[in-house]
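The block underneath contains the structure these notes are about, expressed in structure tokens.
Below, all heavy atoms of this structure are taken into account, side chains as well, without hydrogens, waters or symmetry copies.
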Amino acid sequence: MLFAFLCTDKPGHLQVRMDTRPTHLEHLNKLNAEGALKFAGPFLDDDGKPNGSLVVVEAADIAAARTIAEADPYYLAGLFEKVEVKAWNWVFNNPATEPK
């Protein structure tokens, strides 16, 4: 099952994001190698600076998805003001269901 993480950064925490980015990318690369990561990227503010994240993973259930979200270095560094974990259905342009 797919789960989307909708993450909102705390105001004024851009430096925390930048300092933690290398370990965050290592975390995502590990999830990708395991086949759990479907896609990810930052939300941007009006100035084009990151202010949140969208991460979509495959997990057995919402508890497993929350465990993945809470293991993210950004989460552990206290970057996020809010993290929503929601079950998600990839309908359009899903490479797993596109004809080959």
| query | Is Val16 linked to Phe5 within one hydrophobic cluster, defined over Ile, Leu, Val, Met, Phe, Trp and Tyr using a side-chain heavy-atom separation of less than 4.5 Å? | reply | yes

| query | Is there a donor-acceptor pair under 3.5 Å between the side chain of Trp88 and the backbone N or O of Trp90? | reply | no

| task | Start with the C-alpha gap between Lys30 and Glu34, add the side-chain angles, then the distance that decides, and say whether salt bridge (charged side-chain N to carboxylate O under 4.0 Å, His left out) holds. | result | CA-CA 6 Å; Lys30 181 177 180 279; Glu34 294 168 353; 2.8 Å; yes

| Of the options Leu14, Asp9, Asp19, Thr8, which is the one that meets Leu79 in a side chain to side chain contact (heavy atoms under 4.5 Å, CB included)? | Asp9

| field | Tyr74 side chain reached by Ser53 side chain, heavy atoms, under 4.5 Å | value | yes

| said: So which atom in Ala59 and which in Ala65 form the shortest heavy-atom distance, rounded to 0.1 Å? | reply: CB-N, 3.8 Å

| query | Got Lys38 and Glu58 here, is their nearest side-chain heavy-atom distance under 4.5 Å? | reply | yes

| Under 3.5 Å: donor-acceptor pair, side chain of Thr20, backbone of Arg17 | no

| Any donor-acceptor N/O pair, Asp45 side chain to Asp47 backbone, under 3.5 Å | yes

| field | From Glu26 atom CD to Arg21 atom CZ, the distance as rounded to the nearest 0.5 Å | value | 12.0 Å

| Candidates Leu2, Leu6, Ile62 - the one meeting side chain to side chain contact (heavy atoms under 4.5 Å, CB included) with Lys86 | Leu6

| Any side-chain heavy atom of Glu81 sitting closer than 4.5 Å to one from Pro11? | yes

| field | Over 12 foreign heavy atoms within 6.0 Å of CZ, Phe3 | value | yes

| Can you name the nearest heavy-atom pair linking Leu28 to Leu37, along with the distance? | O-CD2, 3.6 Å

| field | Heavy-atom donor-acceptor pair, Asn29 side chain to Leu25 backbone, under 3.5 Å | value | yes

| task | Evaluate the criterion side-chain contact (heavy atoms from CB on, under 4.5 Å) for residue pair His24 and Asp72; output intermediate values, then yes/no. | result | CA-CA 6 Å; His24 166 73; Asp72 189 306; 2.9 Å; yes

| query | Would you call Lys82 and Glu84 a side-chain contact if the rule is heavy atoms closer than 4.5 Å? | reply | yes

| said: Under a 3.5 Å distance rule, please check whether Asn89 uses its side chain to pair with a backbone N or O of Val91 as donor and acceptor. | reply: no

| message | Assigning hydrophobic clusters by single linkage (Ile, Leu, Val, Met, Phe, Trp, Tyr; side-chain heavy-atom cutoff under 4.5 Å), is Met1 placed with Val55? | response | yes

